[in-house]
Every structure is written in C-alpha cells, then in structure tokens.
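Throughout, a chain's letter reflects where its sequence line sits, starting with A, and its residues are numbered from 1.
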Amino acid sequence: MSHDVYQELGERGLIYQSTDADGLRSLLQKSPQTFYIGFDPTADSLHVGSLIPIIVMMHLQKAGHRPIAILGGGTAMVGDPSGKTEMRLMLTPAKIVENGKGIAAQLARFLDFNDDKCRLINNADWLSELKYVDFLRDIGRHFSVNRMLTAESYKQRLETGLSFIEFNYMLLQAYDFHVLCKEQNCRIQMGGQDQWGNIVAGIDLIRRTQSLDAYGITFPLLTTSNGEKFGKTAGGAVWLAAERTSVLDFYQFWRNCEDSELEKLLNFFTFLPVSEIKYLAQLQESGINRAKEILAYEVTALVHGQEAAATAYKTAVSRFGSADPELKIETSSKVRDISLQAAEENLPSLELDQAELETGMTLVDLFIKTGLVKSKGQTRRLIEQGGAYLNDVRIGKDRPITPNDFKENIITLRAGKKRYFQVRLPH
RNA sequence: GGAGAGGUUCCCGAGUGGUCAAAGGGAACAGACUGUAAAUCUGUCGGCAGCGCCUUCGGAGGUUCAAAUCCUCCCCUCUCCA
C-alpha cells in the first residue's frame with residue numbers, strides 16, 4: 001500500500017488522539033485493514049456532525065481498507081453518557097430500526113458497499129441476545145470499576161449522577177469491538193474525541209480476551225470559534241437529508257463559515273490536496289470568499305452530488321455575486337468549470353394552489369407557510385424590523401397577497417439577508 | 001428505608017401571594033457596519049385579530065378576590081446517612 005493514509009489524516013488534522021501511532025501507521029501501510037466507527041441511530045438522518053467519521057471512512061476505503069459502520073441499535077437503548085451532562089432519552093426499538101434504515105441509505109452514498117468493501121452492522125445483532133450472567137462472567141470481570149471511574153466521561157457525570165445502565169455503556173462498546181475483532185478481524189476503532197475512553201476499553205478487552213493488539217483513533221471535536229456545537233443554524237441542526245435541510249441552505253451553511261475555521265473545514269471536509277488548501281486558506285479579501293465558495297461547493301457536491309451543488313452555487317452567486325468572477329484563483333475543484341452564464345435560480349420552493357390564494361391569504365400567512373418563520377408574532381416582528389422582503393422589496397406591513405404579486409407565477413420571499421423561499425402557482 | 005436540597009420559559013439561572021409572560025446571562029432572530037465572515041452597536045426574543053385575551057414555572061388537586069410563589073398527594077433528580 002503506497003499511500004500513507006495515516007499521514008494524510010494527520011496532516012488534515014483529523015486525528016486527535018491515537019494509540020500506538022507508529023504501529024498503527026505501519027499496520028495501515030502493510031496490508032488492508034478492517035476498521036469500524038459507530039453511528040448512533042438517534043435520528044433518521046445524519047447531520048454534519050457525522051460527516052467527519054464518514055469522510056475518514058472514505059479516506060481509508062480509498063486507500064484500500066475496509067470500513068464497518070456499526071449502527072448502535074443495541075447501545076442506543078442504553079445511552080452513551082460520554083460528552084453529555086444529562087441522561088439522554090431512550091428510544092424505542094422500532095424507532096431505532098427505522099432510523100437505522102435512513103442512516104444506512106445515506107451511508108451508501110459515500111461508501112462503496114459492493115463486494116463486501118464496506119459493511120453496515122447493527123450491534124443489536126449480538127447485544128440483544130446477551131445473557132446477563134454470562135456477560136458479567138466473561139466480559140465484566142475484565143473491567144475495573146476503579147479504572148472506569150477515572151475515565152473523563154464518567155468523572156463528569158459523577159458530579160450530576162450516572163445511572164447504572166449508562167455506566168455499562170463502556171462495557172457494551174468494548175464488547176462490540178471484541179466481537180468485531182473476533183468475527184471480522186477488525187483491529188481498529190475510530191470515533192469522536194469523547195469516545196476515547198470507550199475505545200481504549202475495547203482495546204484492553206481484546207488484549208485480555210484474545211491476546212491481540214488493537215488500535216484506536218479519535219477525531220477532533222468540531223466546535224465554532226466560540227466553542228459551540230458545530231452544525232447548528234437558525235433551523236436547528238444541518239442535516240444531510242435534503243428533505244430536512246435544503247441543498248441551498250446546506251451550501252450556504254458552509255459558504256457562511258467563519259474565516260478562522262476555513263482551513264480546518266477544507267481539510268476536514270474536502271478531498272482537495274493539502275497543499276492546495278494551504279494556498280486557499282491564506283488568501284485575503286475576496287480570495288477568502290472564493291475559498292469559501294470552493295468549500296461550500298465541494299462539501300455540497302460530496303453530500304448532494306455535483307449537479308445539485310452546481311445549482312446551489314449558481315443560485316447563491318446570482319443572489320450574492322461571485323467572489324472570483326474572473327477565475328483568477330487556482331483550484332482543482334470542479335467548481336471552476338461551472339459556467340455562470342446560465343445562472344439560474346433554484347431556491348427552496350413550494351406550490352400554492354389557486355384556491356388557497358383566493359381565501360385571502362396575507363403575507364404573514366404566506367411566510368409561515370414557507371417555514372421561513374414559525375409564528376405570526378415572529379413574522380410581524382420580522383416585518384417591523386425590516387427583515388421581510390417580497391420579490392426583493394422590503395415589506396412595510398402585512399397585507400393580502402394579490403395575483404399582481406406573482407411574477408411569472410412566482411413570488412420570492414426573503415427573511416433577513418440570506419434566507420429565501422419561492423412560492424409558485426401551478427400553471 | 002431515613003434526613004436534607006431541588007425540579008422555572010431553547011440552555012444556564014433569579015424570583016417565595018398581587019407591580020410576573022416572569023430579572024440577568026447565553027443561544028437565536030432582525031437592523032446598522034462589513035466580505036453572504038468575525039467583532040461591535042441597536043432592537044426583538046410564549047401564542048394570538050397588538051396595552052386585551054389565552055397558554056406556561058415537574059404532575060394532579062386545594063386555599064385565596066389573586067399562586068411560579070401557600071397547603072395536600074404524586075413523579076423525578078441530587079447530597080448525606082442506613
């Protein structure tokens with residue numbers, strides 16, 4: 001294996017911690033390895049927070065390794081206390097299965113599942129059949145409570161309270177690793193920074209039960225510059241499913257990233273060469289905005305496909321202008337090939353039927369219908385504060401919608417500077 | 001099981017009979033400034049046909065002209081003891 005993936009992941013800043021770095025590196029160089037990452041089936045779609053694990057899987061799969069995605073169907077019923085200050089809600093088994101399906105479909109867009117090159121496994125397969133006494137005897141005896149209590153994830157929770165069910169989470173995750181090692185010859189586990197304790201516990205367990213060396217890598221935690229959770233915007237989390245977060249909103253999320261985050265985000269979320277990213281990240285003024293366009297295009301293309309990304313890009317450029325109209329900035333990104341000549345608009349939209357219009361719908365009603373705002377009060381506030389626009393004209397006060405408001409059967413609504421929505425009439 | 005503390009609007013957190021839709025901070029939203037950034041400043045921030053009504057302070061009852069605030073029961077969390 002010629003390509004040194006470990007090195008590349010490191011250069012991109014994707015490795016926060018790793019066990020036996022040298023050993024792991026040479027292992028990945030020597031032969032194809034099977035590795036796994038767990039995904040929580042807490043929602044039926046993944047959001048941008050899960051993108052890092054996915055991208056790491058992609059990097060490794062490209063390098064010839066075999067990813068296993070573990071759906072935490074069994075562990076989701078227990079609840080991982082890591083990184084949380086409160087006990088989380090438990091999900092019903094049915095809901096977990098349903099969520100798992102949605103996640104599986106999404107993963108298939110990023111990873112090649114053909115010829116067993118990647119697998120998706122639900123840990124409920126083995127966890128739900130565990131016998132308590134057997135488990136305690138075979139697995140539980142390898143864990144020292146004293147040691148567990150020193151784990152950061154538990155330490156925190158000891159302040160506020162930790163239930164026994166959550167306390168067991170570490171054992172279950174360690175057991176996952178143990179099973180995968182045994183049955184799939186999987187020697188490497190990866191996960192978020194907060195998973196370190198759980199991963200290390202698995203490595204220890206494997207050493208004790210199978211006398212094998214296993215390895216772990218954690219990814220850095222993504223936060224905004226003020227330390228908040230990454231991937232939240234006005235509408236809540238930024239999802240990978242287009243039904244939950246429109247492609248344009250998704251694009252805009254990246255386009256509006258903070259300057260200070262740009263280099264990190266390019267490294268994490270795009271496959272552009274590290275050297276190119278260095279160049280892009282040091283650009284100033286409009287250059288930095290071009291770099292953000294590239295970031296937004298690349299990530300959107302990765303998640304929603306090139307065509308949808310190109311459309312989002314064109315829509316954004318037609319609304320806000322291009323940061324580099326003359327294409328002075330060099331990039332290997334395909335965004336360079338997109339012609340802006342035929343810039344078309346493709347805003348999130350919905351169709352309104354004639355009958356509805358005739359019921360005497362007002363602007364406020366329409367804004368709510370688009371989901372741009374949540375309540376009438378909020379809409380009124382928006383209007384009062386001058387943030388509401390109809391066909392790019394600021395609205396002074398609420399009034400009924402008339403057929404004249406439609407231009408070629410289309411009304412363009414806008415909330416604030418950046419959030420657009422189109423309402424169409426059927427023809 | 002015993003003793004104590006506590007559960008407040010998205011989060012943290014004040015409020016202990018009317019002046020409470022509920023201080024303050026954070027987040028969020030809008031505006032100004034900018035580069036569709038950050039920082040800063042200003043405004044908003046339960047719902048509604050807008051100074052009036054409705055819903056909200058763990059849950060259910062009760063006292064009172066009036067309750068987040070008092071009483072009863074219940075649920076949950078934490079701390080200490082057993």
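- If you check distances only, the side chain of A/Q385 does reach the base of B/G43 with a donor-acceptor pair under 3.5 Å.
- A salt bridge links A/R319 and A/D392; the closest N-O separation between the charged side-chain nitrogens and carboxylate oxygens is under 4.0 Å.
- Contacts with RNA chain B (heavy atom under 4.0 Å) in residues 280-295 of chain A: A/I288, A/N289, A/K292, listed by number.
- Put simply, CD1 on A/I368 is 15 Å from C1' on B/C29, counting in whole angstrom units.
- Across B/C48, B/G47, B/A37, the shortest atom-to-atom separation from the side chain of A/K376 is found for B/C48.
- Per the geometry, CZ belonging to A/F367 stands 16 Å off P belonging to B/C29, to the nearest Å.
- Between A/E384 and A/R381, no side-chain nitrogen of the basic residue sits less than 4.0 Å from a carboxylate oxygen of the acidic one, so the salt-bridge criterion is not met.
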For residues 265-272 of chain A, tabulate all N or O donor-acceptor pairs below 3.5 Å that involve a side-chain atom, not counting sequence neighbours.
| unit_1 | atom_1 | unit_2 | atom_2 | d |
| --- | --- | --- | --- | --- |
| A/N267 | ND2 | A/E263 | O | 3.3 |
| A/T270 | OG1 | A/L266 | O | 2.6 |
| A/T270 | OG1 | A/L272 | N | 3.4 |

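- Proximity of A/K417 to the phosphate of B/G31: no side-chain N or O atom is located under 4.0 Å from OP1 or OP2.
- Comparing A/R394 and A/G321 against RNA chain B, the residue whose closest nucleotide sits nearer the 5' end is A/R394.
- Looking at A/T315 and A/Y420, their side chains never bring a donor and an acceptor atom within 3.5 Å of each other.
- B/U69 makes up no base pair with any nucleotide shown, lacking Watson-Crick or G-U wobble contacts both under 3.5 Å.
- In terms of phosphate contacts, A/S375 brings a side-chain nitrogen or oxygen within less than 4.0 Å of OP1 or OP2 of B/C48.
- Here A/R255 lies in heavy-atom contact (under 4.0 Å) with a base.
- Base pairing analysis places B/A5 opposite B/U77; the two distances defining the Watson-Crick or G-U wobble pair are each below 3.5 Å.
- Taking a pair to require two hydrogen-bonding distances under 3.5 Å in either a Watson-Crick or a G-U wobble arrangement, B/C10 pairs with B/G26.
- Base pairing of B/U56: no nucleotide in any strand meets the Watson-Crick or G-U wobble criterion (both distances under 3.5 Å).
- Between the side chains of A/Q195 and A/Q189, no donor N or O sits under 3.5 Å from an acceptor N or O.
- Distance A/L382 CG to B/G43 P: 18 Å, rounded to the nearest Å.
- Across all strands shown, B/G17 forms no Watson-Crick or G-U wobble pair with both key distances under 3.5 Å.
- Applying the 4.0 Å criterion to OP1 and OP2 of B/A37, one finds that A/K418 has a side-chain N or O inside that range.
- In this structure, of B/A30, B/G31, B/A37, it is B/A37 that holds the atom nearest to the side chain of A/D259.
- A 3.5 Å limit on both hydrogen-bonding distances identifies no Watson-Crick or G-U partner for B/A49.
- Base pairing analysis places B/U34 opposite nothing; no Watson-Crick or G-U wobble pair with both distances below 3.5 Å involves it.
- Atom CD of A/Q378 is separated from atom P of B/G47 by 7 Å (rounded to the nearest Å).
- Looking at A/N289 and A/R255, their side chains do bring a donor and an acceptor atom within 3.5 Å of each other.
- Across the protein-nucleic acid pair, A/I383 atom CD1 and B/G43 atom P stand 21 Å apart, rounded to whole Å.
- Atom CD of A/E258 and atom P of B/U34 are 20 Å apart (whole Å).
- In this structure, A/A415 reaches the sugar-phosphate backbone alone: every heavy-atom distance under 4.0 Å involves primed, P, OP1 or OP2 atoms, never a base.
- The A/Y389 side chain lies nearest to B/G31 when the options are B/A37, B/G31, B/U44.
- Using a cutoff of 4.0 Å between basic side-chain nitrogens and carboxylate oxygens, A/K292 and A/D259 are scored as salt-bridged.
- Side-chain contact, A/D44 with A/N99: no donor N or O sits under 3.5 Å from an acceptor N or O.
- Heavy atoms of A/Q252 sit under 4.0 angstrom from at least one base atom.
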